[in-house]
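The structure appears right after this line, and notes come after that.
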Amino acid sequence: MNNIIDIYNILLKIYGFQYWWPIVIDGKSRYLEEFSKRERTSEEIFEICIGAILTQNTAWKNVEKALINLKTKTNLDIKKIQNLDMTTLAELIKPSGYFNQKSKKIKAFLNFINDELKGDIIKIKNYTTEKARNILLSVWGIGRETADSILLYAYDKPIFVTDAYTRRIFSRVSLIKGELEYDLIQKMFHENLPQDSNIYKEYHALIVAFAKDTCKKEPSCDKCCIRNLCNI
DNA sequence: CGCCAGGTTGTTG
DNA sequence: CAACAACATGGC
């Protein structure tokens with residue numbers, strides 16, 4: 001009896017595999033099955049990192065527009081983006097909102113790639129999860145959820161991504177008491193699931209799907225697939 | 001029109 | 001440390 005695993009299985013059955021993280025191909029975000037079966041290329045890693053920054057408190061649809069702009073203009077080439085001035089970069093990512101903040105964050109991340117990684121974005125792959133997380137968190141503009149999204153989806157590190165949806169859903173089913181710390185919520189998932197990055201990837205994506213579709217701010221409990229486990 | 005979206009940082013008591 | 005403000009566009 002493990003509610004964390006039970007809920008995963010139910011969500012997987014209802015919503016199916018989500019195949020996160022999406023990559024822009026032919027002008028559209030695509031979620032491809034093959035992404036769960038091979039490592040990400042350095043180009044894909046970079047795109048995931050940028051997308052993770054752009055999606056902070058922002059709908060993916062808007063991020064997609066920004067990523068398409070960046071891809072069209074720079075082919076998401078690190079050097080080309082580095083050579084853009086702030087105003088141009090901000091203009092390209094405008095649809096994702098907070099464009100001044102986010103262009104600063106992207107610049108900070110590019111500096112990090114140059115200075116800490118000597119231009120080699122793959123380098124993090126060889127770090128321990130803990131070291132990789134700490135080094136990402138040291139970058140201005142990268143907080144815990146962004147760092148963990150990058151670690152899990154770009155570098156395939158077994159670390160669970162927690163977000164506002166996770167809080168909402170698991171508070172409602174009373175697996176989270178009150179306002180639990182990010183790291184404590186994450187710990188709960190780590191302790192109740194196999195240490196398997198593919199499960200972490202799917203579970204977080206399923207949480208997002210479920211939160212958008214049913215466990216919304218105003219929940220649609222009548223069609224909820226886990227209502228028998230819930231207390232509201 | 002109002003609300004919300006795959007958060008993070010900075011400021012204040 | 002908690003509470004709160006600031007950051008901003010676009011979809012529904």
Side-chain angles (χ1 to χ4, degrees), chain A residues 8 11 15 17-24 27-31 35 44 47-70 86-112 133-155 157 159-171 176-186 189 197 200-220:
Chain A
Y8 172 71
L11 293 181
Y15 294 95
F17 285 99
Q18 304 294 307
Y19 303 120
W20 275 30
W21 188 282
I23 292 291
V24 174
K28 194 177 184 317
S29 266
R30 297 182 193 277
Y31 302 78
F35 292 158
E44 288 164 353
E47 181 172 336
I48 292 167
C49 294
I50 299 301
I53 292 170
L54 293 180
T55 199
Q56 291 171 0
N57 202 39
T58 301
W60 185 258
K61 205 78 195 145
N62 292 357
V63 176
E64 187 178 10
K65 293 177 194 299
L67 283 175
I68 289 167
N69 287 346
L70 280 175
M86 281 297 208
T87 319
T88 310
L89 178 56
E91 193 61 34
L92 289 173
I93 65 170
K94 197 166 189 173
S96 73
Y98 306 126
F99 48 83
N100 289 316
Q101 293 282 313
K102 285 173 178 174
S103 47
K104 274 170 64 183
K105 292 177 180 181
I106 289 173
K107 286 290 186 183
F109 183 67
L110 291 170
N111 288 336
F112 162 76
R133 188 173 199 251
N134 286 333
I135 199 170
L136 283 171
L137 286 175
S138 73
V139 180
W140 185 86
I142 297 186
R144 288 171 296 187
E145 184 184 339
T146 307
D148 290 340
S149 297
I150 290 171
L151 290 169
L152 179 62
Y153 291 106
Y155 293 103
K157 299 286 188 188
I159 191 157
F160 198 86
V161 178
T162 290
D163 65 352
Y165 292 149
T166 313
R167 245 192 209 85
R168 185 162 80 205
I169 294 167
F170 290 86
S171 296
I176 293 174
K177 324 284 179 212
E179 275 302 297
L180 211 48
E181 279 283 326
Y182 181 102
D183 290 339
L184 290 177
I185 299 175
Q186 181 178 62
F189 284 90
S197 61
Y200 292 171
K201 288 176 191 175
E202 277 310 319
Y203 205 164
H204 174 65
L206 285 166
I207 284 170
V208 174
F210 176 57
K212 285 177 172 171
D213 170 69
T214 301
C215 203
K216 297 170 287 197
K217 187 142 196 173
E218 200 54 48
S220 308

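This is a predicted model, so every value here is computed, not measured. Throughout, a chain's letter reflects where its sequence line sits, starting with A, and its residues are numbered from 1.
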Report task. Scan A:K65 against the nucleic acid and name what it touches under 4.0 Å (heavy atoms): base, sugar-phosphate only, or nothing. Result -> sugar-phosphate
Query - Given A:D148, A:D163, A:T162, A:T166, the one that forms side chain to side chain donor-acceptor pair (under 3.5 Å) with A:Y182 - result: A:D148
Query raised in the report: Taking the same atom, P, in B:dC3 and in C:dA5, what whole-Å distance lies between them?
Result: 16 Å
Query raised in the report: Judged by modelled atom types alone, do A:Y15 and A:T214 share a side-chain donor-acceptor pair under 3.5 Å?
Result: yes
Requested in this report: Say whether, by atom type as modelled, one donor and one acceptor occur between the side chain of A:E202 and the main chain of A:Q18 under 3.5 angstrom.
Outcome: yes
Query - Residues A:T146 and A:K105: side-chain donor-acceptor under 3.5 angstrom - result: no
Report task. Please find the earliest and latest nucleotides of DNA chain C, in the 5' to 3' direction, that have an atom within less than 4.0 Å of any heavy atom of chain A. Result -> C:dC7 to C:dG11
**Report entry** Under the side-chain hydrogen bond (donor to acceptor under 3.5 Å, both in side chains) test, residues paired with A:K94 that sit two or more places apart
**Finding:** none
Report task. Describe, in one word, how the ring planes of A:Y203 and A:Y8 are oriented to each other, choosing from parallel (under 30°), tilted (30 to 60°) and perpendicular (over 60°). Result -> tilted
Report task. Would you give the length of the straight line joining atom OH of A:Y165 to atom NZ of A:K212, rounded to the nearest 0.5 angstrom? Result -> 5.5 Å
Query raised in the report: Mind checking the C1' distance from B:dG6 to C:dC4? Whole angstroms is fine.
Result: 23 Å
Requested in this report: Sort by first number and list every stem of DNA chain C: at least 3 consecutive Watson-Crick or G-U wobble pairs, both distances under 3.5 Å.
Outcome: B:2-5 with C:9-12, B:7-13 with C:1-7
Report task. Just jot down the side-chain hydrogen bond (donor to acceptor under 3.5 Å, both in side chains) partners of A:W20, sequence neighbours excluded, or say none. Result -> none
Query raised in the report: Which value, in whole Å, describes the distance between the P atoms of nucleotides B:dG10 and C:dA8?
Result: 14 Å
Report summary line: Quick tally for nucleotides 2-13 of chain B: nucleotides whose base has a protein heavy atom under 4.0 Å get B, sugar-phosphate-only ones S, the rest -, giving --SBBBSSS---
Report summary line: Taken in chain and number order and not counting sequence neighbours, the residues that satisfy side-chain hydrogen bond (donor to acceptor under 3.5 Å, both in side chains) with A:T88 are A:D85
Report task. Begin from the C-alpha positions of A:F35 and A:Y19 and carry the test ring pair (Phe, Tyr, Trp, His ring centres under 6.0 Å) through to its verdict. Result -> CA-CA 7 Å; A:F35 292 158; A:Y19 303 120; 9.0 Å; no
